[in-house]
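Positions are given from 1 along the sequence.
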Amino acid sequence: MATYTHLTERTPQVSADELLAGFRPSERFGEVSFDTYRPDPAQPSQQAAVDALRAFGDSINGGVASGGGFLSKLFGGGKKKDVGKPGLYLDGGFGVGKTHLLASLWHAVEGPKAFGTFVEYTNLVGALTFRKTVEALSGYKLVCIDEFELDDPGDTVLMSRLMRELAEAGVKLVATSNTLPGSLGEGRFAAADFKREIQVLSDQFDVIRVDGEDYRHRGLDPAPDPLAPEQFDAAVEAGFGALGTVAIDSFEDLIEHLSKVHPSRYRQFIEGLDAIAWRNVTTITQQAVALRFVVLADRLYDKDLPIIASGLPFDRVFTEEMMTGGYQKKYFRAVSRLTALAREGHTAGQKLAS
């Protein structure tokens with residue numbers, strides 16, 4: 001029998017040490033490797049990315065990269081001395097496996113290392129202070145930054161300084177994003193006013209392009225339609241009734257409650273849950289609220305928590321203006337991930353009902 005709880009009753013408190021200890025791949029990517037990545041034969045850039053990251057990891061571990069071309073430039077051929085930039089930057093569309101590749105590198109590299117999203121690193125600075133963050137991360141061999149995206153001028157200056165100081169300390173950097181380094185910040189604020197800081201960020205990375213279609217929906221059936229209100233309770237019982245702990249909330253109440261929980265605590269916010277159920281999903285109309293919800297969607301996806309929901313489909317949870325504005329890549333990623341989780345929730349209901 002499932003135990004039912006409410007996210008709206010949770011306000012976790014998290015120490016700075018707990019934040020730092022959490023900088024590792026989520027459960028979804030807890031055991032991935034380069035061998036478990038399945039490159040699309042129609043997209044040769046995917047296999048090229050695997051090969052480049054393997055060599056980069058070998059270099060960090062003290063091995064010797066071989067071959068010519070890109071890797072020769074990056075690692076100096078058969079020499080151990082690095083001649084390239086201190087980091088790699090995986091650029092590609094949604095769902096091409098960039099996070100899988102980044103987590104595979106993290107698992108392959110020996111010694112102290114960190115793995116987190118861009119937002120988690122900015123939150124870490126807020127919790128520890130900038131100087132203590134640099135001190136904590138400077139002793140690492142590798143820092144992995146997933147979903148690298150600049151949202152405002154403050155983030156630009158902050159990450160510019162952080163990446164520069166870590167690179168000067170000998171830390172290797174690898175980032176993923178849907179935006180090329182030189183284009184970070186475009187469409188959000190007056191990026192030209194911060195060109196120097198953006199250039200400093202761009203100078204830290206050699207770019208690897210990863211092409212392909214969104215694997216989360218590749219060859220799958222269309223996303224399930226949301227439930228009618230009168231179907232919700234029965235669907236949750238059928239789909240999640242045999243699970244451990246299920247959080248059931250009114251979507252409107254949850255969205256309001258998110259303002260009371262700092263995004264740095266969202267991992268702990270959903271800790272111990274096995275599934276999510278939301279009544280009456282509606283469109284979020286305020287940008288600040290929508291951006292908080294994007295962080296929650298990322299954490300739910302990290303933990304692979306299936307979702308059953310009534311109300312609007314997830315491709316309508318953000319306004320049209322949001323989906324075409326400066327943060328559109330964040331919103332498209334959230335829709336892609338929420339849709340995948342809703343499909344898992346629908347599948348769970350079908351299995352238990354059959």
Query raised in the report: How many angstroms lie between CD1 in Ile255 and OG1 in Thr283, if you round to the nearest 0.5 Å?
Result: 11.0 Å
Query raised in the report: Within a reach of under 6.0 Å around CD of Gln47, are more than 12 heavy atoms found that belong to other residues, nucleotides or ligands?
Result: yes
Query raised in the report: Between Asp91 and Arg209, is the closest basic N to carboxylate O distance under 4.0 Å?
Result: yes
Requested in this report: Flag yes if more than 12 heavy atoms outside Arg24 fall under 6.0 Å of its CZ atom; otherwise flag no.
Outcome: no
Query raised in the report: With a cut-off of 6.0 Å (strictly less than), are more than 12 heavy atoms of other residues, nucleotides or ligands near CD of Gln287?
Result: yes
Query raised in the report: What's the verdict on ring-ring contact (aromatic ring centres under 6.0 Å, His included) for Trp278 and Phe293, showing C-alpha distance, side-chain angles and the deciding distance?
Result: CA-CA 13 Å; Trp278 290 332; Phe293 182 65; 5.7 Å; yes
Query raised in the report: Would the Phe148 and Phe118 ring centres measure less than 6.0 Å apart?
Result: yes
Query raised in the report: Does the Gln46 side chain pair with the main chain of Gln43, one donor and one acceptor, at a distance under 3.5 Å?
Result: no
Query raised in the report: Would you find a donor on one side and an acceptor on the other, under 3.5 Å apart, between the side chain of Lys172 and the backbone of Pro86?
Result: no
Query raised in the report: Going by atom types alone, do Thr176 and Asp146 pair a side-chain donor with an acceptor below 3.5 Å?
Result: yes
**Report entry** Aromatic contact, Phe23 with Tyr121 (centres under 6.0 Å)
**Finding:** yes
**Report entry** Short N-O contact, Glu120 and Arg267, less than 4.0 angstrom
**Finding:** yes
Query raised in the report: When Phe56 is tested against each of Val109, Val174, Asn61, Asp206 for side chain to side chain contact (heavy atoms under 4.5 Å, CB included), which residue passes?
Result: Val174
Query raised in the report: Going by an N to O cut-off under 4.0 Å, is there a salt bridge joining Arg333 and Asp298?
Result: yes
Query raised in the report: Would you say the side chain of Val125 lies within less than 4.5 Å of the side chain of Val134, judging by non-hydrogen atoms?
Result: no
Requested in this report: Establish, from distance only, whether the side-chain atoms of Ser138 and Glu135 form a donor-acceptor pair under 3.5 Å.
Outcome: no
Query raised in the report: When you look at Asp249 and Thr8, which way does the side chain to side chain donor-acceptor pair (under 3.5 Å) test go after all the steps?
Result: CA-CA 7 Å; Asp249 292 277; Thr8 51; 3.1 Å; yes
**Report entry** His6 vs Asp253 side-chain heavy atoms within contact, under 4.5 Å
**Finding:** no
Query raised in the report: Can you name the residues that form a side-chain hydrogen bond (donor to acceptor under 3.5 Å, both in side chains) with Lys303, not counting sequence neighbours?
Result: Glu27
**Report entry** Sub-4.5 Å side-chain heavy-atom contact between Gln268 and Arg299
**Finding:** no
Requested in this report: Calculate, to the nearest 0.5 Å, the distance between atoms CZ and CD1 belonging to Arg265 and Ile270 respectively.
Outcome: 15.5 Å
**Report entry** Close side-chain approach of Pro25 and His107, heavy atoms under 4.5 Å
**Finding:** yes
**Report entry** For Glu147, side-chain hydrogen bond (donor to acceptor under 3.5 Å, both in side chains) partners two or more places apart
**Finding:** Arg337
Requested in this report: Can you establish whether the number of heavy atoms outside Arg54 located under 6.0 Å from its atom CZ is more than 12?
Outcome: yes
Query - Check: His257 side chain, Arg10 main-chain N or O, donor-acceptor pair, under 3.5 Å - result: yes
Report task. Output the distance between atom CZ (Arg292) and atom CD (Gln286), rounded to the nearest 0.5 Å. Result -> 8.5 Å
Query - Note, Leu7 side chain near Leu258 side chain (heavy atom, < 4.5 Å) - result: no
Report summary line: Sorted by chain and residue number, the ring pair (Phe, Tyr, Trp, His ring centres under 6.0 Å) partners of His100 (sequence neighbours excluded) come out as Tyr37
Query raised in the report: For Glu31, does the CD atom sit with more than 12 other heavy atoms under 6.0 Å from it, leaving out its own atoms?
Result: no
Report task. Classify the angle between the aromatic ring planes of Phe29 and Tyr301 as parallel (below 30°), tilted (30 to 60°) or perpendicular (above 60°). Result -> tilted
Report task. Examine distances only and state if a side-chain atom of Thr36 and a backbone atom of Val32 form a donor-acceptor pair shorter than 3.5 Å. Result -> no
Report task. Could you check Ser250 against Asn280 for side chain to side chain contact (heavy atoms under 4.5 Å, CB included), going step by step and ending with a plain yes or no? Result -> CA-CA 7 Å; Ser250 156; Asn280 192 27; over 6 Å; no
**Report entry** Val294-Leu312 co-clustered via ILVMFWY side chain contacts under 4.5 Å
**Finding:** no
Query - Any side-chain heavy-atom pair of Leu101 and Leu90 under 4.5 Å - result: yes
Query raised in the report: Given side chains that start at C-beta, do those of Leu53 and Leu102 come closer than 4.5 Å, heavy atoms only?
Result: no
